Amino acid sequence: MKYLSDTKISEKKVLLRCDFNVPVKDGKIIDDSKIVKSLDTINYLLNNENTVIILSHFGRVKSEDDKKNNSLKVVYEELKKYIDLEFIQNPLDLSVIKSSSKKCFLVENTRFTDVPEKKESANDLELAKYWASFADIFVIDAFASLHRAHTSTSGLSNYLPTYLGFLIERELTNLESLINIQERPFLVIMGGAKVDDKIGIMKSLLQKCDKLVITGGILNTFLKVKGHNIGNSLVSNDEAVLNDVKEILSNYQDKILYSDKFVVARGNGVKEVKLEEIEDTDIIYDNIVDLPNLINDYKLVFLNGTCGKYEDNVFAKGTKNLFEHLKKSHTKVYIGGGDSASAVINLKYDQDFEYISSGGGATLEYVAYGKLKALEYIKNIQKD
Ligand code: 3PG
């Protein structure tokens with residue numbers, strides 16, 4: 001694999017794949033860290049007289065209607081504060097690049113090409129060929145998208161010399177400590193809402209770590225399978241997932257930890273309760289992980305996901321508590337991206353940990369399996 005840092009690219013046309021899939025609330029970006037972290041590569045390319053055509057996906061696009069809420073325009077407005085660029089409205093028509101005097105372009109959401117027929121997500125090579133026809137070089141810097149082998153993350157490498165950007169290089173270097181574990185005991189903390197998305201990865205991480213704390217919404221399904229009352233809380237009903245949960249509970253009972261303190265919505269109010277006090281109509285929105293002594297016993301911690309609905313102040317106690325314990329510990333703490341990174345930033349713990357990754361699913365897959373689909377694809381195509 002070739003790195004941008006090992007080469008000098010100047011006066012070229014560069015297709016640059018970033019991950020600008022940032023969280024937005026009420027039309028405002030609530031965590032701009034993916035944008036800020038991409039600026040190193042963008043500025044390097046622009047300072048070396050290259051023309052830069054930026055591609056990114058944004059949200060999930062499955063229908064014509066989804067396009068209304070998933071335009072990259074909101075990112076364009078933010079990016080304009082840092083660089084002079086033009087927005088290209090149609091990812092299937094980049095012809096404006098040839099007549100524009102601008103040096104930098106942001107192309108509308110690559111996933112718009114998935115409707116009516118999947119192109120980007122199907123790694124359509126005709127589309128790759130079309131996009132590649134506007135450039136001499138492909139630089140990929142979208143670490144958070146590397147678990148997807150799509151046209152803009154992989155297919156392009158069939159047609160253009162490909163380099164990994166500065167953001168990806170930093171991620172791979174920093175996450176190395178979680179791939180080849182040199183420091184033990186190693187604790188994994190997994191939270192977040194949906195157990196279905198994380199169960200496979202949890203199985204793999206259980207083989208690597210010394211203990212695993214389950215928290216957040218994903219804990220509900222484990223509690224239900226164990227026969228506890230969890231009221232009306234979010235739970236998985238997927239047969240395969242339930243079987244995996246059972247298997248984990250029986251094979252790894254010595255490795256798994258969780259806290260039995262919760263904050264639930266009850267009637268019109270909010271109540272802190274122990275597991276056995278949960279009533280039929282309660283909804284669990286927060287799990288209070290009180291593990292100060294436990295965390296101090298570990299040399300290395302990987303955290304992915306939050307303890308609850310931290311965006312709502314009444315349900316932020318568990319996540320804040322956990323961050324506070326981690327901050328005070330003498331442990332090296334790595335934060336997986338996505339929601340956990342946004343929580344760390346929004347609750348103002350961003351200076352307190354060893355490393356905060358920009359990837360959500362990508363970081364999880366990399367830490368669990370040591371591989372990322374797009375990187376494997378590119379490695380195969382760009383053999384030298
Ligand atoms: C992310 O935010 O984790 C990445 O941008 C990937 O998004 P996706 O899960 O929609 O592919």
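Both ligands and their constituent atoms are indexed starting at 1 by order of listing. Just so it is clear, the values below take in all heavy atoms, side chains as well, and ignore hydrogens, waters and symmetry mates. Not measured: the values here are computed from a predicted model.
- Atom numbering of ligand 1 starts at 1 in the shown order; those under 4.0 Å from a heavy atom of R111 are 8 (P), 10 (O), 11 (O).
- Proximity of the aromatic rings of Y258 and F222 is defined here by a centroid distance below 6.0 angstrom, and this criterion is not met.
- Applying the 4.0 Å criterion to heavy atoms of N21 picks out, from ligand 1, the atoms 1 (C), 2 (O), 4 (C), 5 (O), 7 (O).
- Taking the six-membered ring where tryptophan is involved, the planes of Y349 and F353 are essentially parallel, since the angle between them stays under 30° and well short of 60°.
- The closest non-hydrogen atom to atom 8 (P) of ligand 1, taken over H150, K34, R60, comes from R60.
- Residue H147 has at least one heavy-atom neighbour below 4.0 Å for each of these atoms of ligand 1: 6 (C).
- The closest approach between G338 and ligand 1 stays at or above 4.0 Å for every heavy atom of the residue.
- Heavy-atom contacts of A144 reach the following atoms of ligand 1: 4 (C), 6 (C) (cutoff under 4.0 Å).
- Against a heavy-atom cut-off of under 4.0 Å, D19 is close to the following atoms of ligand 1: 4 (C), 5 (O).
- Shown here is K211, whose NZ atom has more than 12 heavy atoms of other residues, nucleotides or ligands within 6.0 Å.
- For the pair K309 and Y285, the cation-pi criterion (under 6.0 Å, within 45° of the ring axis) is fulfilled.
- Hydrophobic clustering, with ILVMFWY side chains joined whenever heavy atoms are under 4.5 angstrom apart, groups I35 together with L85.
- Taking every heavy atom of R148 and a limit of under 4.0 angstrom, the matching atoms of ligand 1 come to 8 (P), 9 (O), 11 (O).
- Nearest non-hydrogen protein atom to atom 7 (O) of ligand 1 is H57 NE2, 3.2 Å.
- Heavy-atom contacts from other residues, nucleotides or ligands closer than 6.0 Å to NZ of K271 number 12 or fewer.
- Heavy atoms of other residues, nucleotides or ligands lying less than 6.0 angstrom from NZ of K255 number more than 12.
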